[in-house]
**Q** 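Once you've had a glance at the structure underneath, I'll fire off some questions.
Residues: numbered from 1 along the sequence shown. Read the numbers this way: they start at 1 and go in the same order the structure lists the ligands and their atoms.
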Amino acid sequence: MIILLSCTVQGCEKKSLYVPEDAKFEKNIIAMDTYMTLTAYGEDAEQGLEQAADRIQEIEQVFSVTDETSEIYQINHRTAQEMEVSEECAKVLEQALEISTQTGGAFDVTMYPVVREWGFTTGKYRVPGEEEIQELLSKTGYEKLSLNHRTLTLQEGMEIDFGGIAKGYTGDEAVAALKKAGVEHAIVNLGGNIQALGDRPDGTAWNVGIRDPIQSEEMFGTLQVSNQAVVTSGAYERYFEENGVVYGHIMNPDTGRPADNGILSVTVIGDKGIICDALSTAFFVLGLEGTTEYWQTYGGCEIILVTEEKQVYVTEGIQDKFQLTGDYGEVICIKKE
Ligand code: AMP
Ligand code: MG
């Protein structure tokens, strides 16, 4: 989860003196179980914000797993193995599958039956037995799913959920709606998934606060971004505790259990929210080593990763744009080999 530093933060207010107050517009909405704040500047801002909010609501309508009228619900309650899906659904699924392949299956939209049995969708948290987990895993696996243009084939019992990718995609679409309306400077905060359009009206970068995964009401660092998405995955976002063990909501597709690979939180920064979102979930599963290996192979994003040992790793491309403010010692740089 990320918080956008408000302009009351010292140093930030000074830089924004050039922006006339009446040029700033804000819209708050609740969608996807998330409190969202959209901020835009300029004469097209009000109209742009309306259109961005409409677009968010439209996407929620398609991707909700619980709304009986949503497309995902229809897919999960299908009567035939093969079906035609909307262009929007196919587009997100295609991107999800690509990341699944690149991350060796760490990101997998078919984990839904497992996520649900652990209680993360219902709030009825419990630790399923090993036999039950194995049975559930027989209904998962992105490689068992096939997508041919808009024709989706899912084996019996399989279900999909875009919980790990939808908000990133929504950020992309909200920003696209603002841009289409003529807005040049905006920032959307979808419950911690940040997406910036351009830079601040005075030409400086946006200051984004990255949430401290231990003191989750605090921030542990700030990051300067322009025209980019900043997406974080962390166990602190949703978890339950049983017999002193903490179980988080991101599942390891290999084990059917919450990912437990030594990471407290991982933030991905890049041009496309949809990719950053899928990758942040995948990196949480992969751990430091797997994430480093991915990044050195594919690149395409920057990363801020916090380990259980309270070590902060940052990829070299954003080293000078990130300032550690929390009690975490030194920042360790991940370099291209
Ligand atoms: P995020 O906060 O983006 O990391 O997404 C976490 C959400 O994605 C969970 O609440 C689940 O709905 C879903 N999910 C859990 N494990 C995975 C996984 N390995 N791959 C893809 N989605 C997942
Ligand atoms: Mg994600």
**Q** The test is side chain to side chain donor-acceptor pair (under 3.5 Å); show your working for Thr37 and Asn28 and say whether it passes.
**A** CA-CA 5 Å; Thr37 303; Asn28 297 306; 3.0 Å; yes
**Q** Atoms of ligand 1 less than 4.0 Å from Glu237 heavy atoms?
**A** 2 (O)
**Q** Linking Ile, Leu, Val, Met, Phe, Trp and Tyr through side-chain heavy atoms less than 4.5 Å apart, which residues share a cluster with Ile30?
**A** Tyr35
**Q** Pro253 heavy atoms, cut-off 4.0 Å: which ligand 1 atoms fall inside?
**A** 19 (N)
**Q** With a cut-off of 4.0 Å, which atoms of ligand 1 are near a heavy atom of Ser233?
**A** 1 (P), 3 (O), 4 (O)
**Q** Mark the output for Phe120 as yes if a heavy-atom distance to ligand 1 is under 4.0 Å, and as no if none is.
**A** no
**Q** What protein heavy atom is closest to atom 5 (O) of ligand 1, reported as residue, atom name and distance in Å?
**A** Gly164 CA, 3.3 Å
**Q** Can we say Glu173 and Arg55 salt-bridge, meaning some charged N sits less than 4.0 Å from an Asp/Glu carboxylate O?
**A** yes
**Q** What part of Ala282 sits under 4.0 Å from ligand 1 if we count only heavy atoms: the side chain, the backbone, both or neither?
**A** neither
**Q** Could you tell me if any non-hydrogen atom of Gly234 lies under 4.0 Å from any atom of ligand 1?
**A** no
**Q** How long is the straight-line distance from CD1 of Ile160 back to CD1 of Ile72, given to the nearest 0.5 Å?
**A** 4.0 Å
**Q** Just need the protein heavy atom nearest to atom 1 (P) of ligand 1, so name the residue and atom and give the distance.
**A** Thr281 OG1, 3.3 Å
**Q** Could you pull out, from Thr140, Asp108, Val266, the option with a heavy atom nearest to atom 21 (C) of ligand 1?
**A** Asp108
**Q** Indicate yes or no: does Lys91 engage Glu88 in a salt bridge with an N to O separation below 4.0 Å.
**A** no
**Q** Can you sort out which atoms of ligand 1 are near Asp161, meaning under 4.0 Å from one of its heavy atoms?
**A** 11 (C), 12 (O), 13 (C)
**Q** To which protein heavy atom is atom 16 (N) of ligand 1 closest, and what is the distance rounded to 0.1 Å?
**A** Met251 N, 2.9 Å
**Q** Between Leu305 and Leu288, is any pair of side-chain heavy atoms under 4.5 Å apart?
**A** yes
**Q** Between Val231 and ligand 1, find which residue part has any heavy-atom pair under 4.0 Å and reply side chain, backbone, both or neither.
**A** neither
**Q** Give the atom numbers and elements of ligand 1 that come within less than 4.0 Å of a heavy atom of Arg238.
**A** 10 (O)
**Q** Under a single-linkage rule joining Ile, Leu, Val, Met, Phe, Trp and Tyr whose side-chain heavy atoms are separated by less than 4.5 Å, which residues share a cluster with Met111?
**A** Val114, Val115, Trp118, Phe120, Tyr125, Val127, Ile133, Leu136, Leu137, Phe240, Val245, Tyr247, Met251
**Q** Check whether any side-chain heavy atom of Thr281 sits under 4.5 Å from a side-chain heavy atom of Ile165, and report yes or no.
**A** no
**Q** For ligand 1, which atoms, with element, lie under 4.0 Å from some heavy atom of Ala106?
**A** 18 (C), 19 (N), 20 (N)
**Q** Under a 4.0 Å threshold between the charged nitrogen and the carboxylate oxygen, would Glu130 count as salt-bridged to Arg257?
**A** yes
**Q** Please work out which of the three classes, parallel, tilted or perpendicular, describes the rings of Tyr298 and Tyr294, given edges at 30° and 60°.
**A** tilted
**Q** Any cation-pi pair here, Lys335 with Trp295, using under 6.0 Å and within 45°?
**A** no
**Q** For the 3.5 Å polar cut-off, considering only N or O atoms, please tell me whether Ser280 and ligand 1 meet it.
**A** no
**Q** Using the rule that Ile, Leu, Val, Met, Phe, Trp and Tyr join whenever any side-chain heavy atoms are under 4.5 Å apart, tell me whether Tyr328 and Ile210 fall into a single cluster.
**A** yes
**Q** Can you list the other members of the hydrophobic cluster that holds Val246, where links are side-chain heavy atoms under 4.5 angstrom apart?
**A** Tyr239
**Q** Sort by chain and number the protein N/O/S atoms found under 2.8 Å from the Mg ion (ligand 2).
**A** Gly164 O, Asp277 O, Asp277 OD1, Thr281 OG1
**Q** Minimum heavy-atom separation for Pro253 to Gly105, with atom names?
**A** CG-O, 3.1 Å
**Q** Among Arg116, Lys167, His249, whose heavy atom sits nearest atom 6 (C) of ligand 1?
**A** His249
